[in-house]
Amino acid sequence: MAFKPANNIQDLQYFGEFGGVNPSISDSSTYTFLSAKTMFDTFEGNADGCYLYSRHSTPSNLYLGEALAAMEGTETANVCASGMGAITPVLMQLCGAGDHVVSSRTIYGGTYAFLKNFTPRFNIETSFVDITKLEVVEAAITSKTKVLYCESVSNPLLEVADISGLAKLAKKYNLKLVVDNTFSPLSISPAELGADIVIHSLTKFINGSSDTVGGVICGTQEFINDLRNVNDGACMLLGSTMDSLRAASILKNLRTLHIRMQQHSKNGLYLAEKFQSLGLKTVYPGLKSHPSHDLFKSMMNPQYGFGGMLTIDVGSLERANALMELMQDRNLGYLAVSLGFYKTLFSAPGSSTSSEIPEDEQAEMGLSDGLIRFSIGLDADIERTYNMMKDCMLELNILS
Ligand SMILES: *Cc1c(COP(=O)(O)O)cnc(C)c1O
C-alpha cells in the first residue's frame with residue numbers, strides 16, 4: 001500500500017482550549033506543578049503529559065512535531081529553531097570523540113562546513129563521498145563509523161540518494177542513516193525507505209512563506225527522548241529551541257503543503273522541459289536526462305511530483321549574474337538564497353550557498369561557475385513566466 005503523507009497530516013485532530021479549530025498557543029516559558037513530586041518525576045523523564053520548561057518541550061511544539069512525524073511516518077519528532085539547529089544536535093548526539101561519519105559530498109553548505117571545519121574540534125572525522133555510488137559509500141565505512149549522512153535530493157546539484165540501498169548498508173554495519181529531506185517533502189518519504197532519522201529545514205517548502213527559520217528531527221521515541229534528556233540530550237543542552245508562537249504559525253502553513261508541492265512540481269517540470277528544449281544544460285529529477293530519474297521515480301509518492309528545484313548552467317558567473325539581475329528587474333523572481341517561496345528564487349550556488357566548499361572541490365563535484373539554482377514559485381501562469389525568461393536569455397545572448 002502506498003504511503004499517504006498528506007492524509008496522515010489531514011487525519012490529525014486537535015482543538016484549542018475554548019473549542020477553537022486551531023490548537024491554543026502555549027505562551028509560557030515555564031509550567032506550574034500541583035505537587036513537588038510530579039516536578040521531580042518530570043525531571044527524571046517519568047511524567048508523561050507534564051510540561052517543565054519550554055526549552056524541553058511545549059504543547060505548541062509538540063503539535064507541530066506530531067504533524068511532521070505523521071508526514072514522515074516516524075514515531076515522533078522534535079522541532080528546532082532552524083534546520084542547522086536540527087542537524088547539529090543529531091550529529092552531536094550520535095557521534096563522540098573518535099567517531100566517524102560518511103557523508104555525501106554534495107550537501108547543504110552549512111552542513112558541509114559543520115562536518116568539515118567544526119566537528120574535527122571534537123575529534124569527529126568525516127569522509128565525503130559520491131553518495132550515488134553505493135560501492136564507494138561502503139568502501140568509506142570504517143570500524144569507527146557511526147552515521148551515514150545524505151540529502152534525499154542534494155543541494156545544489158540535485159543528486160538523488162538511493163535511500164533503500166543506503167539503509168541496507170546502514171543495517172549491515174550497524175550505522176544510523178540520517179537523511180535531510182528538505183528538497184523533497186511529501187514527494188519522498190525517507191523513513192518508509194529505511195532511514196533512521198529524517199531532518200527538514202522548515203524554513204523552505206514546509207513553512208513556504210520565507211518569514212522564519214525552523215527545523216525538525218523525525219525519528220523514534222527513544223532517539224527523540226535521548227535528544228531531550230536534561231542530563232545529556234543535545235537538543236536540550238545546545239538549546240536551539242523553536243518558539244511556540246512560531247510553531248503555531250508553521251503548523252498552519254503545513255496544512256497547505258500538499259497543494260503547494262503539486263504546483264511547485266508542475267511549474268518545475270514545465271520549465272525544466274522548456275529550458276532543456278532550448279539547449280540549456282538543465283538538471284531536474286523529472287527529466288529523463290537526469291542520471292537518477294528512474295531512481296527518484298521508484299522512491300516517490302507520485303502525486304507530489306519531482307519538486308520545485310532545478311538548475312541550469314549558462315557557462316559563466318558573469319552570464320549567470322546578468323541573467324539573474326535581468327529576471328529580477330522583470331519581476332520573474334528574486335535574486336535570493338533559500339527556497340520554497342511563492343515567488344521564484346534564484347542564486348548562483350558556487351558564490352553563495354555553497355561558497356563554504358573550496359573551489360577545487362566544487363569543480364570536482366560538478367558545481368560550475370555558471371550554475372543557477374532555481375526554486376520555482378507557485379506562478380499561476382507558468383507559460384507566461386517561461387516566455388519572459390526566454391526573452392531575458394535572448395537579450396543576453398545566452399541562447400545560441
Ligand atoms: C536551508 C537548508 C538547511 C539549513 O536550514 P536553516 O533553516 O537555514 O538552518 C539544511 N539543509 C538543506 C538541504 C537546506 O536547504
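Whatever order the structure lists them in is the order used to number ligands and atoms, beginning at 1. The figures that follow rest on heavy atoms only: side chains count, while hydrogens, waters and symmetry mates do not.
- Residue Asp180 has at least one heavy-atom neighbour below 4.0 Å for each of these atoms of ligand 1: 10 (C), 11 (N), 12 (C), 13 (C).
- Looking only at protein heavy atoms, the nearest one to atom 8 (O) of ligand 1 is Tyr108 OH, 3.9 Å.
- Both the sub-6.0 Å distance and the 45° axial angle are satisfied by Arg121 relative to the ring of Phe118.
- Here's the thing with Val213: none of its N/O atoms is less than 3.5 angstrom from an N/O atom of ligand 1.
- Residues Ile217 and Leu227 are in side-chain contact: their nearest non-hydrogen atoms beyond the backbone lie under 4.5 Å apart.
- Taking distance alone, with nitrogen or oxygen atoms compared against 3.5 Å, Met84 approaches ligand 1 more closely than that limit.
- Shown in contact with Gly214 at under 4.0 Å from a heavy atom are these atoms of ligand 1, numbered in order with element: 7 (O).
- Of all the listed residues (Glu151, Lys204, Met309, His200), Lys204 holds the heavy atom that lies closest to atom 1 (C) of ligand 1.
- Judged by a 6.0 Å distance limit and a 45° cone about the ring axis, Lys204 is positioned over the six-membered ring of Tyr108.
- Inclusion of Thr203 in the set of residues having an N or O under 3.5 Å from an N or O of ligand 1 is warranted.
- Neither the backbone nor the side chain of Ile107 comes within 4.0 Å of ligand 1, counting heavy atoms alone.
- A donor-acceptor contact closer than 3.5 angstrom links the side chains of Asn253 and Asn207.
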